[in-house]
Amino acid sequence: MSSSSQPSLGRLKGKVAIVTGGASPQGFGYAIARRFIEEGAKVIIGDLDGSGAESSASSFSTPNAKGVAMDVCKQEDWQRVVEMAVKEFGGVNILVNNAGCTYRNKPTAEVTEDEFERVMSVNVKSIFWSVKVVVLQMQKQGQGGSIINISSSGSVRPRPGLVWYNASKGAVSNATMALAAEYGPDQIRVNAIAPLLSATGLFESF
Ligand SMILES: NC(=O)c1ccc[n+]([C@@H]2O[C@H](COP(=O)([O-])OP(=O)(O)OC[C@H]3O[C@@H](n4cnc5c(N)ncnc54)[C@H](O)[C@@H]3O)[C@@H](O)[C@H]2O)c1
């Protein structure tokens, strides 16, 4: 995922995006951030792996990309990252809730409580906090916005062995539709993307 062949059309010129989970050059978040920058956006990459997020940002060789450590499960981290977006780039127009996790594919009765709670927290609670912090900022700016939640094909076509991962992504897709209906009047679009399988860091666990 480290090369792009599409031409830049400047479609995101003047926009500021927060992309979560972009620490790995093999991951979706990195490719999304790179494409956004090519299209003219300013991007903050937030990831639990702060040094990975920073090296992703510096690999783009532009002042329009910044990386920062954040735990998407924590409200205070969302607040800090939004404050950074306002201070560094003037606001937030786009949010990509891409950070996610899974446990290793296995019989569902063997999934531990910790694994269940982590998958629900990283994949679902992250969106709960992002709404409370980022949507408020978008409403304050009064210019609408776009939120993209990275769900999974497992949200609609679940298979054995990853039951609670799939269920967490079902919640992501379901919440996306209700959020779109709720914040549409504020011109804040909310969409989900449901990928199948790609050779990222999570691939081996799937
Ligand atoms: N790879 C696939 O086949 C596939 C398929 C469907 C959906 N997805 C989804 O795509 C998204 C991106 O995953 P990926 O496949 O690029 O893997 P990845 O491992 O490269 O990306 C996940 C990133 O999320 C970060 N992260 C995990 N917990 C975090 C937290 N609490 N706070 C902040 N960051 C955290 C990780 O450090 C990692 O950089 C995930 O939501 C995943 O569920 C992936």
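Index from 1, following the sequence. Whatever order the structure lists ligands and atoms in, that order sets their numbers, starting from 1.
Remark: aromatic rings of F36 and F60 are distant, center separation not under 6.0 Å.
Protein heavy atom at the shortest distance from atom 37 (O) of ligand 1 is D47 OD1, 2.6 Å. Atom 5 (C) of ligand 1 has L196 O, 2.7 Å as its closest protein atom, hydrogens excluded (heavy atom only). At the shortest separation from atom 27 (C) of ligand 1 among protein heavy atoms lies G100 O, 3.7 Å. Scanning all protein heavy atoms for the shortest distance to atom 9 (C) of ligand 1 gives I150 CG2, 3.7 Å. Looking from atom 11 (C) of ligand 1 to the surrounding protein, the closest heavy atom is N98 O, 3.1 Å.
Residue-level proximity to ligand 1 for V122 is carried by the side chain, the only part with a heavy atom below 4.0 angstrom. The proximity of S121 to ligand 1, defined as any non-hydrogen pair under 4.0 Å, does not occur for either the backbone or the side chain. Within the 4.0 Å heavy-atom criterion, the part of M70 lying near ligand 1 is the backbone and not the side chain. When non-hydrogen atoms are compared, ligand 1 lies under 4.0 Å from the side chain of F206 (C-beta onward) but not from its backbone. Residue contacts with ligand 1 for Y165 involve side-chain atoms from C-beta outward but no N, CA, C or O (heavy atoms, distance under 4.0 Å).
Judged as a side-chain hydrogen bond (donor to acceptor under 3.5 Å, both in side chains), the pairs with a partner in residues 11-21 (not counting sequence neighbours) are, in order, R11-E39. Screening residues 161-171 for side-chain hydrogen bond (donor to acceptor under 3.5 Å, both in side chains), with sequence neighbours left out, gives N123-S168.
Closest non-hydrogen pair, D49 versus G52, comes out as OD1-N, 2.8 Å.
There is no path of hydrophobic side-chain contacts, each under 4.5 Å, that joins V96 to V134.
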